[in-house]
Peer 1: 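Quick one: the structure is below, questions incoming.
Just so it is clear, the values below take in all heavy atoms, side chains as well, and ignore hydrogens, waters and symmetry mates.
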Amino acid sequence: MAENDKPSMSAAAAAGAAKTAGRSGRSTELPEHLKAYKGVWVFIEHDRGQVHSVSWELMGQARILADKLGVQVSGVLMGGPADDMEAFAKEACIYGADHCYIMRDPVLQGYRNEPYTKGLTDLVNTHQPEILLLGATTMGRDLAGSVATTLGTGLTADCTELNIDGRALAATRPTFGGSLLCTIMTLAYRPQMATMRPRTAPMPRRDESRTGTISTMALGMIEADIVTKLLAFIPDANRNTVNLSYADIIVTAGKGLKNADNMKLVWDLARVLGAEVGATRAVTQAGWLEAERQVGQTGKTVRPKLYIAAGVSGAIQHRVGMEGSDIIVAINTDPNAPIFDFAHHGIVGNAMQVLPALTAAFRSHLDRRVRKVA
C-alpha cells in the first residue's frame with residue numbers, strides 16, 4: 001500500500017465510524033425516507049363497550065410529546081360492527097387527540113393478534129407516524145410485539161416515563177431486575193414504539209370543547225385468512241377482585257412485618273380507611289399475601305391519593321410501582337431506609353406498634369366526623 005493512500009483511508013474510516021453505534025456497527029442516523037414520518041399515535045384499547053383507562057393516560061402523554069415536537073396526536077381504533085368507535089373517537093379528542101383513524105371489519109370483532117397486527121401495520125405504513133404508543137396490558141403487550149416485529153422497528157416495553165430528546169422518543173423503563181432505570185431511544189427506525197403500564201401516567205383533564213377529525217380505512221382480510229377463531233367470551237367468575245391499580249388508599253405490607261400473623265395489623269388499618277391491601281415482592285413470595293396484591297415492577301403500578309408503606313425498605317423494584325402516589329407515608333425502623341428518600345411523611349418506628357396506633361387514631365377521628373355529621 002502506498003503511504004499517500006493512508007490519510008484518505010483513515011478519513012473514510014473515521015467518517016464510517018461516526019455513523020455506527022458501538023460494536024453493532026449499526027447506523028444511528030435516520031434514513032431520508034423515514035424523516036417523512038410525523039405525528040404521535042395512541043392505540044385505543046377497548047373491550048365489550050369500554051375503553052381501557054390506560055388509553056386515556058397515554059393520550060395525555062402523547063399530547064405532551066406532540067406539543068414538544070410540534071405535531072398532531074392521533075388515536076387508532078379497531079373493532080367490529082357492534083363497537084361504537086365513533087363515540088370512542090369523540091372521547092379521544094376530549095382527552096387530547098386531534099384526529100382518529102377507525103378500522104372497522106367483522107373479523108375485528110373481539111381481539112385476535114393476526115387481524116389486529118395486519119390492520120395496525122397497514123395503518124402505520126400508509127400514514128407514517130413517528131411514535132406509536134400502546135398500553136402494557138395483556139392485549140397491548142401481545143399486539144405491540146407482533147407489530148414491531150412486522151414493521152422491523154424498535155419497541156421499549158413497560159415504560160415508566162416518556163420524553164423527547166431532539167426528535168427521538170426517550171423511553172425510560174426498569175432494567176436489571178428493577179435495580180436500574182434505563183432510557184432507550186430508537187434512532188434509526190420509525191415508528192418509535194413503546195408500551196406503558198396502566199397508572200404510570202396521570203389521567204389527563206377532559207376538555208369538552210375539543211373536537212377532531214375522523215378517517216376510516218378498510219382491513220382487507222377475510223375470516224378464512226385467520227388461523228385463530230374467537231368462539232365465545234367466558235368471564236372468570238372466580239377471579240380475585242383485588243383492584244389495586246385504581247384504589248384511592250393503599251396500605252402495603254413489607255417484609256419488615258416479620259411474619260404472616262402480623263398481616264392482621266395491615267388488614268385492620270385498611271378496613272378502617274376503606275383501603276386496599278398491597279404487598280412487596282418479598283411478602284408475596286413468602287406466601288403472606290396473594291400475588292395479585294404485589295406492588296412494583298413485577299406487580300401492579302398504583303397512583304392512590306394515600307399510600308401507607310409498613311415495613312417496606314423502598315427498593316427501586318417497589319418504588320417504580322408506587323412513587324406516583326399523591327401522599328406516601330413510610331413506617332420503618334431503619335432511619336436510613338431508601339423509602340424515606342421519596343416518602344412525603346416518615347415514621348421511624350416498629351410497624352407492629354405504629355399500625356395499631358394509627359388504626360385507633362383513624363377510627364377515633366372518623367367516628368367523630370360521623371357523629372358530627374349526624
Peer 1: Could you give me the CA-CA distance, side-chain angles and deciding distance for Tyr307 and Val312, then say whether side chain to side chain contact (heavy atoms under 4.5 Å, CB included) is met?
Peer 2: CA-CA 12 Å; Tyr307 189 89; Val312 176; 5.7 Å; no

Peer 1: To check you understand the geometry: which heavy-atom pair defines the closest contact between Leu69 and Gly166, and what is its length?
Peer 2: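 Heavy atoms only, the tightest pair is CD2-O, 4.3 Å.
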
Peer 1: Give, for atom CD1 of Ile331 and atom CG of Leu358, the distance between the pair rounded to the nearest 0.5 Å.
Peer 2: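 Separation between the atoms: 5.0 Å.
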
Peer 1: Roughly how far apart are Glu114 CD and Thr228 OG1, rounded to 0.5 Å?
Peer 2: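 If we round to the nearest 0.5 Å, Glu114:CD and Thr228:OG1 are 6.0 Å apart.
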
Peer 1: With a 3.5 Å distance limit and no angle check, can you tell me whether Ser325 reaches the backbone of Met322 through a side-chain donor-acceptor pair?
Peer 2: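 The answer is yes, because a donor-acceptor pair under 3.5 Å joins these two groups.
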
Peer 1: Any idea which heavy atoms bring Met217 and Leu123 closest together, and the distance?
Peer 2: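 Residues Met217 and Leu123, closest heavy atoms: SD-CD2, 3.4 Å.
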
Peer 1: Sequence neighbours excluded and cut-off under 3.5 Å, please list the side-chain donor-acceptor pairs for residues 30-44, or say none.
Peer 2:
residue, atom, partner, partner atom, Å
Glu32, OE2, Lys35, NZ, 2.8
Lys38, NZ, Lys35, O, 2.7

Peer 1: Keeping the roles fixed (side chain from Asn262, backbone from Leu257), state whether a donor-acceptor pair exists under 3.5 Å.
Peer 2: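 Yes: the side chain of Asn262 pairs with the backbone of Leu257.
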
Peer 1: Using a 3.5 Å distance criterion without hydrogens, assess whether the side chain of Asp67 forms a donor-acceptor pair with backbone atoms of Ile64.
Peer 2: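 No, Asp67 side chain to Ile64 backbone: no donor-acceptor pair under 3.5 Å.
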
Peer 1: Taking atom NZ as the centre, does Lys258 end up with more than 12 heavy-atom neighbours from other residues, nucleotides or ligands that are less than 6.0 angstrom away?
Peer 2: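 No, the 6.0 Å shell around NZ holds no more than 12 heavy atoms from other groups.
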
Peer 1: How long is the gap from CG on Asp142 to OG1 on Thr137, to the nearest 0.5 Å?
Peer 2: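 The distance works out to 9.5 Å.
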
Peer 1: Is a side-chain donor or acceptor of Thr121 paired with a backbone partner of Thr117 at a separation under 3.5 angstrom?
Peer 2: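 Checking the backbone N and O of Thr117 against the side chain of Thr121, a donor-acceptor pair under 3.5 Å is found.
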
Peer 1: Would the distance check show the side chain of Glu276 and the main-chain N or O of Ala247 forming a donor-acceptor pair, the cut-off being under 3.5 Å?
Peer 2: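 No: the side chain of Glu276 does not pair with the backbone of Ala247.
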
Peer 1: Under the ring pair (Phe, Tyr, Trp, His ring centres under 6.0 Å) rule, collect the residues that match up with His52, sequence neighbours excluded.
Peer 2: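 So His52 forms no ring pair (Phe, Tyr, Trp, His ring centres under 6.0 Å) with any residue.
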
Peer 1: Tell me, do Thr252 and His318 make a side-chain contact under 4.5 Å, heavy atoms counted?
Peer 2: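 Counting from C-beta outward, Thr252 and His318 do come under 4.5 Å.
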
Peer 1: Please tell me whether Thr172 and Thr160 have a donor and an acceptor in their side chains that are separated by less than 3.5 angstrom.
Peer 2: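 No - no donor-acceptor pair under 3.5 Å links their side chains.
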
Peer 1: Between Gln297 and Arg281, is the side chain to side chain contact (heavy atoms under 4.5 Å, CB included) condition met? List the steps.
Peer 2: CA-CA 9 Å; Gln297 183 204 354; Arg281 181 169 62 181; 5.7 Å; no

Peer 1: With a 4.5 Å heavy-atom cut-off, do Lys305 and Ile327 have their side chains touching?
Peer 2: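 The answer is no, as the side chains (C-beta and beyond) never meet within the 4.5 Å cut-off.
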
Peer 1: Within the structure provided, determine whether Met196 and Leu162 are in side-chain contact (heavy-atom separation under 4.5 Å).
Peer 2: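 Yes, at least one pair of side-chain atoms sits under 4.5 Å.
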
Peer 1: On a heavy-atom basis, which atom in Lys300 and which in Ser245 lie closest, and how many Å separate them?
Peer 2: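 So the minimum-distance heavy-atom pair works out to CD-OG, 3.9 Å.
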
Peer 1: Between Glu208 and Arg210, does the salt bridge (charged side-chain N to carboxylate O under 4.0 Å, His left out) criterion hold? Intermediate values first, please.
Peer 2: CA-CA 6 Å; Glu208 301 288 345; Arg210 292 193 89 262; over 6 Å; no

Peer 1: Do His99 and Ser74 have a side chain donor and acceptor closer than 3.5 Å?
Peer 2: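 Looking only at side-chain atoms, Ser74 and His99 do not form any donor-acceptor pair under 3.5 Å.
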
Peer 1: Give a yes or no answer on whether the side chain of Asn332 reaches the backbone of Gly349 with a donor-acceptor pair at less than 3.5 Å.
Peer 2: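 No, the answer is negative, given that no donor and acceptor are paired below the 3.5 Å cut-off.
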
Peer 1: Should Leu132 and Tyr116 be regarded as members of a common hydrophobic cluster, given that ILVMFWY residues are connected when their side-chain heavy atoms come within less than 4.5 Å of each other, either directly or indirectly?
Peer 2: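 Yes, Leu132 and Tyr116 fall within the same hydrophobic cluster.
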
Peer 1: Provide the closest heavy-atom pair for Val277 versus Arg293 in the form atom of the first, atom of the second, distance.
Peer 2: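 The pair with the smallest heavy-atom distance is O-NH1, 3.0 Å.
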
Peer 1: Does either side chain, that of Thr216 or that of Tyr101, offer a donor lying less than 3.5 Å from an acceptor on the other one?
Peer 2: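 Note: Thr216 and Tyr101 side chains miss the donor-acceptor criterion.
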
Peer 1: Once rounded to the nearest 0.5 Å, what's the spacing between atom CD1 of Ile328 and atom CD1 of Ile250?
Peer 2: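 The CD1 atom of Ile250 is 10.5 Å from CD1 of Ile328, to the nearest 0.5 Å.
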
Peer 1: I'd like to check the salt bridge (charged side-chain N to carboxylate O under 4.0 Å, His left out) partners of Asp268; sequence neighbours left out, ordered by chain and number.
Peer 2: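 Once residues adjacent in sequence are excluded, the partners of Asp268 under the salt bridge (charged side-chain N to carboxylate O under 4.0 Å, His left out) criterion are Lys264, Arg271.
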
Peer 1: Is any side-chain heavy atom of Ile308 closer than 4.5 Å to a side-chain heavy atom of Leu269?
Peer 2: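 A side-chain contact under 4.5 Å exists here.
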
Peer 1: Would you say that Val147 contacts Met193 through its side chain, given a criterion of any heavy-atom pair below 4.5 Å between the two side chains?
Peer 2: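 Val147 vs Met193: side chains touch.
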
Peer 1: Between Thr280 and Lys255, what is the shortest heavy-atom contact and its length?
Peer 2: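 In this case the closest contact between Thr280 and Lys255 is OG1-N, 4.1 Å.
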
Peer 1: So, Arg303 and Glu323, do they make that salt bridge, N to O below 4.0 Å?
Peer 2: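 The answer is no: the pair does not qualify as a salt bridge.
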
Peer 1: Once side chain to side chain donor-acceptor pair (under 3.5 Å) is applied, do any residues pair with Glu86, and if so which ones, sequence neighbours excluded?
Peer 2: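 In terms of side chain to side chain donor-acceptor pair (under 3.5 Å), with neighbours along the sequence ignored, Glu86 is linked to Arg104.
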
Peer 1: Could you work out, with ring pair (Phe, Tyr, Trp, His ring centres under 6.0 Å) as the rule, every residue matching Trp56, not counting sequence neighbours?
Peer 2: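 For Trp56, the residues satisfying ring pair (Phe, Tyr, Trp, His ring centres under 6.0 Å) (neighbours in sequence not counted) are Tyr95.
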
Peer 1: Could you state whether Met85 and Val76 fall into the same hydrophobic cluster, counting links through intermediate Ile, Leu, Val, Met, Phe, Trp or Tyr residues with side-chain heavy atoms under 4.5 angstrom apart?
Peer 2: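 They do not share one cluster, since no chain of ILVMFWY contacts under 4.5 Å joins Met85 to Val76.
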
Peer 1: Can a donor-acceptor pair be found between the side chains of Gln294 and Thr284 at a distance below 3.5 Å?
Peer 2: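 A donor-acceptor contact under 3.5 Å links the two side chains.
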
Peer 1: Could you tell me if the side chain of Thr183 sits less than 4.5 Å from the side chain of Glu161, heavy atoms only?
Peer 2: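 No, side chains not in contact.
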
Peer 1: Can a donor-acceptor pair be found, under 3.5 Å and without considering hydrogens, that links the side chain of Ser146 to the backbone of Leu143?
Peer 2: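 Here the side-chain-to-backbone pair exists.
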
Peer 1: Is it true that Val251 and Trp288 fall in one hydrophobic cluster, defined by side-chain heavy atoms closer than 4.5 Å?
Peer 2: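 Per the 4.5 Å side-chain linkage, Val251 and Trp288 are co-clustered.
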
Peer 1: For the atom pair CG (Asp326) and CD1 (Ile249), what is the distance rounded to the nearest 0.5 Å?
Peer 2: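 One finds 11.0 Å between CG of Asp326 and CD1 of Ile249.
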
Peer 1: Within the 4.5 Å heavy-atom criterion, are Leu273 and Phe362 side-chain neighbours or not?
Peer 2: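 Leu273 reaches Phe362 side chain to side chain.
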
Peer 1: Quick one: closest heavy-atom pair of Gly321 and Val295, and the distance?
Peer 2: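 Taking Gly321 first and Val295 second, the nearest heavy atoms are O-CG1, 3.7 Å.
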
Peer 1: Is there a path of hydrophobic side-chain contacts, each under 4.5 Å between heavy atoms, that joins Ile102 and Met78?
Peer 2: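 No, it is not one cluster - the side chains of Ile102 and Met78 are not joined through contacts under 4.5 Å.
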
Peer 1: Taking the side chain from Asp98 and the backbone from Val73, do they hold a donor-acceptor pair closer than 3.5 Å?
Peer 2: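 Indeed, once roles are kept as given, a pair shorter than 3.5 Å links the two residues.
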
Peer 1: Decide whether Gln317 and Thr298 meet the rule of one side-chain donor and one side-chain acceptor closer than 3.5 Å.
Peer 2: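 Per modelled atom types, Gln317 and Thr298 side chains form no pair under 3.5 Å.
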
Peer 1: I want to check something: taking the side chain as every heavy atom from C-beta on, are Lys68 and Asn163 in contact at a cut-off of under 4.5 Å?
Peer 2: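 With C-beta onward as the side chain, the pair touches.
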
Peer 1: Keeping Thr153 on the side-chain end and Pro191 on the backbone end, is there a donor-acceptor pair under 3.5 Å?
Peer 2: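 Judged by distance alone, yes, a pair lies under 3.5 Å.
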
Peer 1: Can you tell me how far apart CE (Met221) and CG (Leu108) are? Round to the nearest 0.5 Å.
Peer 2: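 Separation between the atoms: 9.0 Å.
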
Peer 1: Do Leu133 and Tyr111 sit in the same hydrophobic cluster, where Ile, Leu, Val, Met, Phe, Trp and Tyr count as joined when their side-chain heavy atoms come under 4.5 Å apart?
Peer 2: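 Looking at the clustering, Tyr111 is in a separate group from Leu133.
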
Peer 1: Can you name the salt bridge (charged side-chain N to carboxylate O under 4.0 Å, His left out) partners of Arg363, sequence neighbours left out?
Peer 2: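 Partners of Arg363 under the salt bridge (charged side-chain N to carboxylate O under 4.0 Å, His left out) test: none.
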
Peer 1: Checking Thr301 against Arg197: is there a side-chain donor and acceptor pair closer than 3.5 Å?
Peer 2: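 The answer is yes; a qualifying pair exists.
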
